[in-house]
Amino acid sequence: MHLPQENSFTRRSFVKLLGATSAAAGIAAGLAACGTTTKQGDAKTSTPGSTGAAPSATKGDGTITAGISYELGTNGYDPMTTTAALTVAANWHTMEGLTELHPDTREVYPALGKELPKQIDDTTWEVALRDGAVFTNGEKVTTDDVVFSFERVLNPENKSLYAAFLPFLESVTKKDDTTVVVKTKYAFSLVPERLSVVKVVPKAAVEADAKAFDLNPVGTGPWKMTDNGAASKKILFERNDAYTGPRPALAKSMVWEILPDNATRVNAISSDSVQAIDAVPATDLATLGSSKKVAAEQGFGLVFMMFNCGSAPMNDVKNRQAMLYALDIEKICKTGMSDLATPATCFVQQEHPAYKKAATVYTQDQEKAKALLAETGLTAVRLLCSDHGWFSAVRPIIKESLEAVGLTVTYEEKKSSDVYGTIDGKPEAYDIVVAPGDPSVFGDDADLLLRWWYAGDTWTDSRMHWKGQESYTKVQTLLEEAGAATGDAQKAKWHEIFDVVAENVPLYPLFHRKTPTAYDDKTLTDFKPIAITGLSFIDVSSSK
């Protein structure tokens, strides 16, 4: 969605226009996807045999510049382990899986695969590698590298969060020097999409020095990283001229400035020192709209409330429910998020293909919250929040809402990495955590989104301490049943899961957000704002 370039444009008119057009903009983006698409589960795929080629474009000599709101994570760039917003977005440009999901259209297309996976039978798929693929260190990509990349993600000793997305996968093996065989445990409708979560890495380089690879990854994508930003606070990229895939870099270089401070980031695009920024503060949207393009795309991205389900007081589901009934969610969305958020009525947003309103919906009901707390006797809680700037106005409303139902709130705020460093594997460390999350950067289907939080041990065991409880076991069973189903039967199982997690709330969204972006359309060609966390410069060129 593009806003009018008029100085008289106001924030109120922006919000009004946004509400009327954001859903349409999302649909339009899907219809504009390259090539014909078909439905498979609730994800979008190219038709079999398609090349996934980008629209014809010419490589230029320009430089793309961007201001990024998220800071570097603590676990580097290794695609087996990194889940930080900044490093994941960087890897979109430098790494590839056998397939990839375009960050804008969400179309799955062949990346390192010459074509989309070919289905041999219900549980067997084959993928041939594209011709001439090489890593940025000059080494040829082999089927041994592909097998190695999947095995390291699936190895429990490596504790990769991505393994939770691949429960259907039996094995990936080498057929010959150009083709790998993917075996599944059961018929699974989303194999082409899901293979994209594993990025192919050079076996020799990783085994020689895994730490060095983590800091300076070697990939096969259209870009190669030349500075990881750890010291300079700028991530630098150069075009990978050895790239043989369908989406070459259309500029010569790219600079991402790490600008977590809102004012600094807005000043950077206002002064033309960068061409695009993410996480535009709502208060700056109208002002920026007079000179730049601004957009806010509705997506899955959310702020959640997570509970320590393994220890008192939050091991009592009544206390967890009371916290959600206490929240003034309308004020949180309208004031705290300046209308750039929609209250959660389900685990997924209303625009999601699998959406169905949950049996339990949390709107503010202070009397109900007080009644639940009277039953349990809870009078005080510890609240730990991440300090992301884009929802800074939300946090005091949450605290005030909890205090309004009679709770004494011990409040603490930390950087995201410090939040998880504080609580991981420490059941005594917290009662409630509030933080953002957006696993839709890895894929849009409901199975993947659910598994991110409700299947892997990192979240269910080390963080929310929910693993082993009756509701946890029920969700795992339903996930397996959904994975083996298709069509309406699959959606029906997901709907059951939505109801279970809404009732038991080990972790639950408060709202789903619109992702606000500002960019210079005079110097960036074919840039598309995206509904997921981060910025994408796939298929984008620059005149600067």
Side-chain angles (χ1 to χ4, degrees), residues 30 33-54 79-80 88 91-120 123-133 135 141-143 145-151 153-154 160 162-163 165-175 178-184 188-201 219-222 243-248 439-445 447-449 451 532 536 538-539:
C34 306
T36 305
T37 59
T38 57
K39 280 288 184 181
Q40 187 172 36
D42 63 350
K44 188 180 297 178
T45 66
S46 302
T47 50
S50 72
T51 64
M80 178 185 74
V88 167
N91 285 350
W92 293 339
H93 299 79
T94 61
M95 313 293 291
E96 291 181 294
L98 293 171
T99 63
E100 283 296 321
L101 293 179
H102 194 286
D104 170 33
T105 66
R106 311 309 281 157
E107 175 195 26
V108 60
Y109 62 90
L112 264 178
K114 183 182 295 187
E115 296 180 342
L116 287 177
K118 179 181 178 181
Q119 188 164 10
I120 307 303
T123 59
T124 307
W125 302 68
E126 290 186 358
V127 188
L129 299 185
R130 73 166 185 254
D131 298 334
F135 292 107
V141 179
T142 69
T143 49
D145 294 314
V146 177
V147 171
F148 170 77
S149 299
F150 276 89
E151 287 181 344
V153 168
L154 293 173
S160 174
Y162 298 96
F165 297 150
L166 303 168
F168 64 90
L169 195 56
E170 181 69 37
S171 64
V172 176
T173 57
K174 174 180 177 179
K175 179 180 180 180
T178 62
T179 304
V180 294
V181 178
V182 177
K183 292 288 292 183
T184 64
F188 184 63
S189 64
L190 298 166
V191 169
E193 291 85 353
R194 200 57 59 80
L195 293 182
S196 68
V197 305
V198 176
K199 309 308 177 190
V200 176
V201 300
T220 61
Y243 176 74
T244 59
R247 300 187 182 275
S440 67
V441 297
F442 309 117
D444 282 340
D445 66 86
D447 179 79
L448 181 148
L449 299 175
R451 286 184 180 279
I532 57 180
S536 168
I538 304 298
D539 303 335

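Values in this document were obtained by computation on a predicted structure and should not be read as measured data. Sequence positions, counted from 1, serve as the residue numbers for this chain.
Here the closest non-hydrogen pair linking V180 and V147 is CG1-CG2, 4.4 Å. In terms of heavy atoms, P110 sits closest to P246 at O-CG, 3.6 Å. The shortest heavy-atom contact between F442 and L448 is O-CD1, 3.7 Å. Minimum heavy-atom separation, V181 to T124: CG1-CG2, 3.9 Å.
Note that OG1 of T220 is 7.5 Å distant from OH of Y243, once rounded to the nearest 0.5 Å. How far OG of S189 is from CG of D445: 8.0 Å, rounded to the nearest 0.5 Å. Between the CG atom of L166 and the CG atom of L154 there is a distance of 5.5 Å, given to the nearest 0.5 Å. In this structure, CG in L129 is found 8.0 Å from OG1 in T142, a value given to the nearest 0.5 Å.
When each of R130, R247, K199 is tested with E96 by the rule salt bridge (charged side-chain N to carboxylate O under 4.0 Å, His left out), just one qualifies, namely R130. When each of K175, K183, K118 is paired with E126, the salt bridge (charged side-chain N to carboxylate O under 4.0 Å, His left out) condition holds for K175 and for no other.
The side-chain heavy atoms of F135 and D145, taken from C-beta on, include a pair separated by under 4.5 Å.
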Check: Hey, mind stepping through L169 and R194 against side chain to side chain contact (heavy atoms under 4.5 Å, CB included) and telling me if it holds?
Finding: CA-CA 10 Å; L169 195 56; R194 200 57 59 80; over 6 Å; no

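Residues passing the ring-ring contact (aromatic ring centres under 6.0 Å, His included) test with F168, sequence neighbours excluded: F188.
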